[in-house]
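Report on the structure given below.
Computed over heavy atoms, backbone and side chain alike; hydrogens, waters and symmetry mates excluded.
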Amino acid sequence: METAEYLQILDREGRSLAEAAATAGLDAEVPTCPEWRVRDLLRHTGTIHRWAADVVADARPGPRPIPDPPALDGTELTSWFREGHRILVDTLAAAPPDVPCWTFHPAPVPSPLAFWARRQAHETTVHRYDAEAARGGPVSPVATDFAVDGIDELLRGFHARPRSRVRSEDPQVLQVRAADRDAAWTVRLSAAPPVTELGALPGATAELSGPADELYLALWNRMPVPKVTGDPELADLWRTTSGI
């Protein structure tokens with residue numbers, strides 16, 4: 001996907017998140033994020049938006065700590081979230097394509113700017129789903145190609161980092177397959193961080209599969225995995241250890 005596509009999605013999803021949060025109310029529980037209420041969701045996502053915008057705007061070559069969320073509430077919090085989302089979209093849209101800023105996981109992308117546009121588009125989409133879950137009623141769809149892209153970022157990005165807790169003392173192979181696209185990943189588990197290869201390779205202990213949009217949300221632990229074949233304990237291992 002192109003950077004411009006990510007920016008369009010980020011723009012739309014952030015506005016949808018704010019609208020769902022306003023309808024739900026700040027006291028509403030977020031069923032997909034236990035112990036959170038909508039105000040916590042806005043504080044978290046808004047903080048990440050401003051943090052990411054600062055990294056790109058300052059062309060920071062190294063890590064920048066994520067600040068503590070603000071103690072804002074009520075209409076001040078909602079306005080602060082909307083403003084921070086707008087700052088992020090505008091910052092990414094105005095940044096030079098070759099801006100030399102820091103990134104934090106190894107999922108393949110053509111540039112740091114593409115990394116941040118992609119990362120924030122997925123960050124905001126998952127939390128938009130959280131806001132709509134808190135609101136109740138129908139949720140907005142996740143486009144199939146974007147869902148496939150997000151699965152790839154999660155498997156070959158987040159869970160390629162040393163901090164991934166998805167480990168197995170006995171080597172195992174987990175296969176992930178988007179049933180409505182020709183897309184599959186082979187995740188090799190061991191006592192070290194997972195190693196993910198593109199494609200379906202032989203020797204899988206278990207397979208997690210389903211429509212890309214459902215599988216995307218399931219791998220982010222927002223819903224059950226649509227279909228599990230093979231060893232169900234491996235699916236449980238993912239569910240209990242893959243939280244970011």
Interatomic spacing from CG in Leu234 to OG in Ser168 - rounded to 0.5 Å
7.5 Å
Is the His159-Trp185 ring centre distance short of 6.0 angstrom?
no
Any Lys/Arg nitrogen of Asp149 or Arg181 sitting under 4.0 Å from an Asp/Glu carboxylate oxygen of the other?
no
Return the minimal non-hydrogen interatomic distance between Ala160 and Pro193, and the atom names on each side.
O-CB, 4.4 Å
Are side-chain N/O atoms of His122 and Tyr6 paired as donor and acceptor at under 3.5 Å?
no
Let me check something: do Leu77 and Ile48 share a hydrophobic cluster, defined by ILVMFWY side-chain heavy atoms less than 4.5 Å apart, either directly or through other members?
no
Could you tell me whether the side chain of Val225 reaches within less than 4.5 Å of the side chain of Trp238, counting heavy atoms only?
no
With side chain to side chain contact (heavy atoms under 4.5 Å, CB included) as the criterion, how do Arg12 and Ile9 come out once you've worked through the C-alpha distance, each side chain's angles and the decisive distance to 0.1 Å?
CA-CA 5 Å; Arg12 181 184 69 241; Ile9 293 168; 3.8 Å; yes
Could you tell me whether the side chain of Cys33 reaches within less than 4.5 Å of the side chain of Arg222, counting heavy atoms only?
yes
Write down the atom of Arg43, the atom of Leu72, and the distance for their closest heavy-atom approach.
NH2-O, 2.7 Å
Side chain to side chain contact (heavy atoms under 4.5 Å, CB included) between Val176 and Leu219, worked out:
CA-CA 10 Å; Val176 177; Leu219 291 173; 3.9 Å; yes
Under a plain distance cut-off of 3.5 Å, with no hydrogens placed, do Thr124 and His49 share a side-chain donor-acceptor pair?
yes
Arg167 vs Leu237, side chain to side chain contact (heavy atoms under 4.5 Å, CB included): CA-CA, chis, key distance, verdict:
CA-CA 8 Å; Arg167 310 288 179 98; Leu237 176 70; over 6 Å; no
Considering only NZ, NE, NH1 and NH2 on the basic side and carboxylate oxygens on the acidic side, decide whether Arg119 and Glu123 come within less than 4.0 Å.
yes
For the residue pair Leu174 and Leu208, establish whether any side-chain heavy-atom pair is separated by less than 4.5 Å.
yes
Between Asp40 (side chain only) and Arg37 (backbone N and O only), is there a donor and an acceptor less than 3.5 Å apart?
yes
Quick note, salt bridge (charged side-chain N to carboxylate O under 4.0 Å, His left out) partners involving residues 102-112, not counting sequence neighbours, are none
Report the residue from Thr45, Val142, Leu41 that forms a side chain to side chain contact (heavy atoms under 4.5 Å, CB included) with Arg128.
Val142
Roughly how far, to the nearest 0.5 Å, is the NE2 atom of His127 from the CD atom of Gln120?
9.5 Å
Should Met223 and Val148 be counted in the same cluster of Ile, Leu, Val, Met, Phe, Trp and Tyr side chains packed under 4.5 Å apart?
yes
Minimum heavy-atom distance between Leu201 and Thr186, given as atom pair plus value
N-OG1, 3.1 Å
Where is the tightest heavy-atom contact between Asp231 and Gln172, given as atom of each residue plus distance?
OD2-OE1, 4.1 Å
Please examine the side chains of Val187 and Val195, heavy atoms only from C-beta on, and report whether any two atoms are closer than 4.5 Å.
no
All heavy atoms of Val99 vs all of Ala59, minimum pair found to be CG2-CB, 4.0 Å
Backbone N or O of Ala212 within a donor-acceptor pair of the Asp180 side chain at under 3.5 Å?
yes
Do the charged groups of Arg177 and Glu207 touch, with an N to O distance under 4.0 Å?
yes
Rounded to the nearest 0.5 Å, what separates atom CG in Leu88 from atom CD in Glu83?
12.5 Å
So do Arg239 and Pro224 actually touch side chain to side chain, heavy atoms under 4.5 Å?
no
Taking a hydrophobic cluster as the set of Ile, Leu, Val, Met, Phe, Trp and Tyr residues connected by side-chain heavy atoms closer than 4.5 Å, whether directly or through intermediates, do Leu113 and Met1 fall within one such cluster?
yes
For the residue pair Leu92 and Ala117, what are the closest heavy atoms and their distance?
CD1-CA, 4.0 Å
Roughly how far apart are Arg82 CZ and Ile87 CD1, rounded to 0.5 Å?
14.5 Å
Donor-acceptor pair between Ser242 and Asn221 side chains, under 3.5 angstrom:
yes
Using a 3.5 Å distance criterion without hydrogens, assess whether the side chain of Glu13 forms a donor-acceptor pair with backbone atoms of Leu10.
no
For residues Phe146 and Leu17: do they belong to one hydrophobic cluster (side chain heavy atoms under 4.5 Å, members Ile, Leu, Val, Met, Phe, Trp, Tyr)?
no
Applying the 4.5 Å side-chain criterion to the ILVMFWY set and letting contacts propagate, would Trp80 and Ile66 be lumped into a single cluster?
no
Would you please indicate yes or no on a ring centroid separation below 6.0 angstrom for Trp102 and Phe115?
no
Any heavy-atom pair between the side chains of Arg156 and Leu198 that's under 4.5 Å?
yes
Can a salt bridge be assigned to the pair Asp54 and Arg60 using a cut-off of 4.0 Å between side-chain N and carboxylate O?
no
Do Trp116 and Trp51 have ring centres separated by under 6.0 Å?
yes
Are side-chain heavy atoms of Val38 and Val30 found at a separation under 4.5 Å?
yes
Would you call Lys227-Glu214 a salt bridge at under 4.0 Å N-O?
no
Interatomic distance, CD1@Ile151 vs OH@Tyr216, rounded to 0.5 Å, equals 9.0 Å
Mind checking whether Asp213 and Thr144 have side chains closer than 4.5 Å, heavy atoms only?
no
Can His105 and Glu153 be counted as having a side-chain donor-acceptor contact under 3.5 angstrom?
yes
Check whether more than 12 heavy atoms from other residues, nucleotides or ligands sit under 6.0 Å from atom CD of Glu197, and answer yes or no.
yes
Evaluate the side chain to side chain contact (heavy atoms under 4.5 Å, CB included) criterion for residues Phe158 and Phe104: first the C-alpha distance (whole Å), next the side-chain angles of each, then the deciding distance (0.1 Å), finally the verdict.
CA-CA 9 Å; Phe158 277 103; Phe104 64 85; 3.7 Å; yes
